[in-house]
Amino acid sequence: MPLPRQSLGVLALLASVFCFTVMDALGKHLTLQGYHPGQIVWVRMSLNLALVLLVLAPRLRVVVRSASPLLQIGRGVMQLASIGLFFTALQFIGLAEATAIMDINPVLITLGAALFLGERIGPRRVAGIAAALLGAMIVIRPGAGVFHPAALLALLGAVSYAAGAVMTRLVRGDGTATSILWSTGVATLFASAVVPFVWQPVAPGDLWAFLALGLIGTVAQALLIQAFAMAEAAAIAPFGYTGLVWASFWGWLFFGAVPDRWTILGAVIIVTAGIYVWAREAQAMRAAR
């Protein structure tokens with residue numbers, strides 16, 4: 001008996017999150033090998049763009065047309081910023097810590113939609129947003145002896161990701177394929193402008209990691225798109241938090257990093273607040289329908 005589309009969407013999202021965390025682990029490995037995050041991000045984006053162009057080639061002239069090119073450029077810049085900031089943070093802090101901080105982006109999207117799109121936000125959602133930010137502060141622990149400034153880069157990465165998501169809501173008329181092409185193309189273009197200044201020769205023993213990072217990142221992106229095409233976002237989004245489990249596992253397996261109790265506590269608060277905010281949004285959508 002075939003699975004319903006909602007279940008297939010959940011499976012696609014779980015597979016996407018798994019692939020993204022593998023890509024993040026490869027990114028951390030390459031930063032520890034001494035490669036600049038700009039070089040790593042360029043490989044990630046350029047391979048992604050190559051696959052997008054291959055898939056969209058038959059209808060490229062139609063898909064490339066956008067009704068909001070400036071917003072699409074902004075989306076691409078924000079995507080590049082979030083990936084670059086995250087990979088830079090991974091040079092100095094653990095996978096689990098960086099992933100937990102980045103996972104506040106769902107509540108930041110809700111906050112951004114209220115501030116810039118005029119969407120209503122009630123006291124319960126405000127409480128959820130405040131709780132998620134509190135969880136992030138517990139993970140970062142400013143003022144504590146374990147605080148590392150690079151944690152703030154992950155926080156900025158979450159902000160830039162949320163900004164890109166808010167812009168995505170403004171360009172819905174362009175269609176998914178157009179938005180993917182523009183964001184990937186713009187991010188690759190800007191990364192290409194930076195990479196000549198940070199490029200260093202790739203050691204033969206690291207070539208596999210660069211190729212795997214680009215290919216796995218592309219597969220993850222494709223699975224993510226498929227997931228949201230098959231199921232409602234509000235229904236499957238909470239499963240995205242499984243990335244915290246995988247990030248913790250890869251951090252322990254490959255880098256010998258075990259999250260401390262404060263990181264676990266902060267992550268639990270972030271996940272709980274994120275799921276609560278998503279649930280409230282799903283309830284509001286059902287009421288509107």
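Source: prediction; values computed, not measured.
- What you find for Ala273 and Ala132 is that their closest heavy atoms are CB-N, 3.6 Å.
- When side chains are defined from C-beta on, Gln221 does not count as touching Thr184, because their heavy atoms never get closer than 4.5 Å.
- Between Phe86 and Tyr161, a ring centre-to-centre spacing not shorter than 6.0 Å is recorded.
- Linking Ile, Leu, Val, Met, Phe, Trp and Tyr whenever their side-chain heavy atoms come within less than 4.5 Å leaves Val268 and Val258 in two separate clusters.
- By the 30° and 60° cut-offs, the orientation of the rings of His148 relative to Phe92 is parallel.
- The distance from the CZ atom of Phe20 to the CG atom of Leu223 is 8.5 Å, given to the nearest 0.5 Å.
- Hydrophobic clustering places Val202 together with Leu30 (ILVMFWY residues linked when any side-chain heavy atoms are closer than 4.5 Å, directly or through intermediates).
- Through direct or relayed side-chain contacts under 4.5 Å between Ile, Leu, Val, Met, Phe, Trp and Tyr, Leu189 connects to no other residue.
- Residues Ile275 and Val271 are in side-chain contact: their nearest non-hydrogen atoms beyond the backbone lie under 4.5 Å apart.
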Assess the residue pair Asp24 and Phe87 against the criterion (side chain to side chain contact (heavy atoms under 4.5 Å, CB included)); give the C-alpha distance rounded to whole Å, side-chain angles, the decisive distance to 0.1 Å, and a yes or no. CA-CA 8 Å; Asp24 294 340; Phe87 279 161; 3.9 Å; yes

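- Separation of atoms CG (Leu153) and CE (Met102) is listed at 11.5 Å; rounding is to 0.5 Å.
- The shortest non-hydrogen separation linking Gln72 to Ser179 is NE2-OG, 3.3 Å.
- Both Val107 and Phe116 are members of a single hydrophobic cluster when ILVMFWY side chains are connected at heavy-atom separations under 4.5 Å.
- Residue Gln79 holds its CD atom at 9.5 Å from CD1 of Ile180, rounded to the nearest 0.5 Å.
- Residues Ser66 and Val171 fail the side-chain proximity criterion, which asks for heavy atoms closer than 4.5 Å.
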Chi angles and distances behind the side chain to side chain contact (heavy atoms under 4.5 Å, CB included) call for Leu170, Leu117: CA-CA 8 Å; Leu170 293 171; Leu117 303 182; 3.2 Å; yes

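- Atom-to-atom distance recorded for Ile269:CD1 and Leu133:CG is 11.5 Å, nearest 0.5 angstrom.
- Between Asn105 and Ile109, the closest side-chain pair of non-hydrogen atoms falls below 4.5 Å.
- Between the side chains of Thr188 and Trp42, no donor-acceptor pair is found at a separation under 3.5 Å.
- By the 30° and 60° cut-offs, the orientation of the rings of Trp246 relative to Phe249 is perpendicular.
- Counting only heavy atoms from C-beta outward, the side chains of Leu56 and Val64 never approach each other to under 4.5 Å.
- Under the 4.5 angstrom side-chain criterion for Ile, Leu, Val, Met, Phe, Trp and Tyr, Val245 has no cluster partners at all.
- Here the closest non-hydrogen pair linking Val195 and Gln39 is CG2-CA, 4.0 Å.
- Pairing each heavy atom of Ile73 with each of Val186, the nearest pair is O-CG1, 3.6 Å.
- Distance CE/Met45 to CG/Leu49: 8.0 Å, rounded to 0.5 Å.
- Remark: Lys28 is positioned above the aromatic ring of Phe255, its terminal NZ or CZ atom under 6.0 angstrom from the ring centre and at most 45 degrees off the axis.
- Between the side chains of Thr178 and Arg65, no donor N or O sits under 3.5 Å from an acceptor N or O.
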Show your reasoning for whether side chain to side chain contact (heavy atoms under 4.5 Å, CB included) applies to Val22 and Leu26. CA-CA 6 Å; Val22 173; Leu26 287 167; 4.3 Å; yes

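- No side-chain heavy atom of Leu215 sits under 4.5 Å from any side-chain heavy atom of Val219.
- Closest approach of Thr242 to Val17, counting heavy atoms only: OG1-CG1, 3.6 Å.
- At most 12 non-hydrogen atoms from other residues, nucleotides or ligands lie less than 6.0 angstrom from CZ of Phe190.
- Rounding to the nearest 0.5 Å places CD1 of Ile138 at 12.5 Å from CD1 of Ile264.
- A heavy-atom distance below 4.5 Å is found between the side chains of Arg124 and Tyr276.
- In terms of hydrophobic clustering, with Ile, Leu, Val, Met, Phe, Trp and Tyr side chains grouped at heavy-atom distances under 4.5 Å, Ile93 and Leu155 are assigned to different clusters.
- Side-chain contact check for Tyr241 and Asp103: no donor-acceptor pair (N or O, by modelled atom type) lies under 3.5 Å.
- The backbone N or O of Leu156 sits less than 3.5 Å from a side-chain atom of Ser160, completing a donor-acceptor pair.
- Of all the heavy atoms in Pro37 and Gln91, the pair that sits closest is CG-OE1, 3.7 Å.
- The closest side-chain heavy-atom distance from Leu95 to Ser248 is not below 4.5 Å.
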Please evaluate residues Met167 and Met78 with respect to the criterion side chain to side chain contact (heavy atoms under 4.5 Å, CB included), reporting the C-alpha separation (whole Å), side-chain torsions for both, the decisive distance (0.1 Å), and the verdict. CA-CA 9 Å; Met167 291 180 188; Met78 289 299 102; 4.2 Å; yes

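- Taking hydrophobic clusters as Ile, Leu, Val, Met, Phe, Trp and Tyr residues chained together by side-chain heavy-atom distances below 4.5 Å, Leu32 does not share a cluster with Leu85.
- For Trp262, there are no ring-ring contact (aromatic ring centres under 6.0 Å, His included) partners, not counting sequence neighbours.
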